[in-house]
Amino acid sequence: MTQITLHNSRTRRKEALAPIDPADVRMYVCGPTVYDRAHLGNARPVVVFDVLFRLLRHVYGAGHVTYVRNLTDVDDKINARARALQEGGDGRDLNAIIRTLTDETIGFYHADMKELGALRPTHEPRATDYIPQMVAMIEGLVAKGHAYAAEGHVLFAVDSWRAGYGKLSGRAVEDMVAGARVEVAPYKRNPMDFVLWKPSGPDEPGWDSPWGRGRPGWHIECSAMSHALLGESFDIHGGGIDLMFPHHENEIAQSCCAHPEGDFARVWLHNEMVQVDGKKMSKSLGNFFTVRDLLDQGWPGEVIRFVMLQTHYRKPMDWTEAEAERARKTLEGWYRLTEGVPAASLPSPQVIGALAEDLNTPAALAALHDLATPETAEALKASVAFLGLGCAETSDWYPRPRVSLETSGHYGVRAPGTLPEDLVNALGSTAARFLDLYADAKAKKDFTRVDALKARLKSLGVETAISRRDGKPCVELTAHRALSEGEAVQLRHEAEGEALK
RNA sequence: GGCGAGUUGGCGGAGUGGUUACGCAGCGGAUUGCAAAUCCGUGUACAGGAGUUCGAAUCUCCUACUCGCCUCCA
């Protein structure tokens, strides 16, 4: 069995993964707060941990991995956004707006992440479906002396767990208190104490609790939901490195104090940030663009995924159009090579080996380059698919409708399932006419008419490529987009053409 | 101020003590009406300094620079 090695942020070392139960490898990854479309930075952990999910399924079996990624649908940012919508003229009450906003955002999230080739996790719990579990966990923490109620809030007392608090992020409570730049609420016993539960105003989302009507603090949902779905000990916890403190530190404090019999998460993985011009992409800096922005600009989702995989997850990643263009060309080359070739039953051992070594995706892509030969196209195809990139037959951007025609009369249509029959016929006839013109032009050494036809086809969105097969000319016409009614008529006109002199 | 990560050729990016990474771009060539695609060949690197070692991109120390967290964040 392949041995997976991962860099555990908790120990700052690479460690061999030894699942608690190989028949049920359990992973939790922090998901989005759903109030806005996912930007590229939000997408990185989705892609990174999707690769890990695929690797775990490969090694331990598809039915032996449980992957949980939460949807945080209760949060002050959501409330703020909903209020803004209200002030902008939405007459409904706040809770109704919030429900619509979160539902819609979850829909966007799923659609956008699907474009990136990410599999759906095993479970995607919504925080609002786990309020009772959160309340129960908080009650337990209060009972054990790890939390206290104050002015309608419940706070975690970091002084009750000084032995463990700060271990993950390598911080001392004293240092953080000394360096704090934020005003401290007067009811906190220690400035580092954080909110487990807070009171809600009458119009805000709220649930009844022993401390009055309120809502959970930021960190508790991950502790409650990971416990509910994965138990008090599980294998892997992932998220962006900016979550290491305070979010993950606080999760650990809550979970370990509520369930001291368990280990909580054994291996912690943190992906580095996406950068723009050398600076972290973030909403507060305003230098972000969404996945949807890139898709709308015409970048296929798998090109975005490829660019992400080109950078190791523990290094900052830059999005540049130059890199995206290279990725697109590389994928095109691989698709050309694998089109119509059956995929091998298993991905290449080199690819698996690279991924098993702390998710070395750049090395995995390098292994793919090595496989990019006609002799190894079957392995290439299986490996490309394993990484969550498309393959020629299923990718919706590469095998654009196109036909090829040789002078021998051999006639080939690619992607027939997606190509309307009349367009096939029009392209085929045009290809035949092109070959006639071409043969005539070669004989006369005058390519004027051929070039004119190429130009007209290009204006219809149809690219012309001439190659040779067995020494004979072969023309390939590729429609880069769906043709409008008018363009289709013009194409048929080209097919009929004027008579050759 | 505290803590942490990083600095590899024109660009991207592997590589943790000793043999070409790889890709893109460039250059030369084959093929080619043009173009595309394909094929062959090819140069350039380890931030700076000191140390350990027979030998360092790889280990140690120092310096410089970049970035992140400490406030919502993926």
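Just so it is clear: chains get the letters A, B, ... in the order the sequence lines come, proteins before strands, and each one is counted from 1. The basis for the numbers below is simple: all heavy atoms, side chains too, and nothing from hydrogens, waters or symmetry mates.
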**OP:** Tell me the partner of C72(B), counting only Watson-Crick (N1-N3 plus N6-O4 or O6-N4) or G-U wobble (N1-O2 and O6-N3) with both under 3.5 Å; none if nothing fits.
**Re:** none
Original post:
Quick one: is Tyr313(A) getting a side-chain N or O under 4.0 Å of the A74(B) phosphate, OP1 or OP2?
Top reply: no
Subject >> From A37(B), G33(B), G23(B), nucleotide with atom closest to Arg336(A) side chain >> reply: A37(B)
Original post:
Taking only N and O in the side chain of Lys279(A), is any of them less than 4.0 Å away from OP1 or OP2 of U66(B)?
Top reply: no
**OP:** Check whether any side-chain heavy atom of Pro246(A) lies under 4.5 Å from a side-chain heavy atom of Phe194(A), and answer yes or no.
**Re:** no
Original post:
Between Thr311(A) and G13(B), does any side-chain N or O lie under 4.0 Å from OP1 or OP2?
Top reply: yes
**OP:** Assign Ile466(A) to base, sugar-phosphate, or nothing according to its heavy-atom contacts below 4.0 angstrom with the strands shown.
**Re:** base
Subject >> Pair assignment for A36(B), Watson-Crick or G-U wobble, requiring both distances under 3.5 Å >> reply: none
**OP:** Kindly give the heavy-atom pair with the smallest separation between Leu368(A) and Ser383(A), and that separation in Å.
**Re:** CD1-CB, 3.4 Å
Original post:
side chain to side chain contact (heavy atoms under 4.5 Å, CB included) between Leu168(A) and Phe245(A): does it pass, once the steps are laid out?
Top reply: CA-CA 8 Å; Leu168(A) 175 70; Phe245(A) 188 90; over 6 Å; no
Original post:
Watson-Crick or G-U wobble partner for U31(B), using a 3.5 Å limit on both distances?
Top reply: none
Original post:
What is the nucleic acid contact for Pro362(A), judged by heavy atoms within less than 4.0 Å: base, sugar-phosphate only, or nothing?
Top reply: sugar-phosphate
Original post:
Hey, does Pro45(A) have a side-chain heavy atom less than 4.5 Å from the side chain of Arg69(A)?
Top reply: no
**OP:** Using both distances under 3.5 Å as the test, list the Watson-Crick or G-U wobble partner of G4(B), or none.
**Re:** C67(B)
Subject >> Pairing partner (Watson-Crick or G-U wobble, both distances under 3.5 angstrom) of C59(B) >> reply: G51(B)
Original post:
Is a donor-acceptor contact shorter than 3.5 angstrom present between the side chain of Asp318(A) and the base of G12(B)?
Top reply: no
Original post:
Is there a donor on the side chain of Lys280(A) or the base of C67(B) sitting less than 3.5 Å from an acceptor on the other?
Top reply: no
Subject >> Residue matched to A45(B) through Watson-Crick or wobble contacts both under 3.5 angstrom >> reply: none
Subject >> Residue matched to U19(B) through Watson-Crick or wobble contacts both under 3.5 angstrom >> reply: none
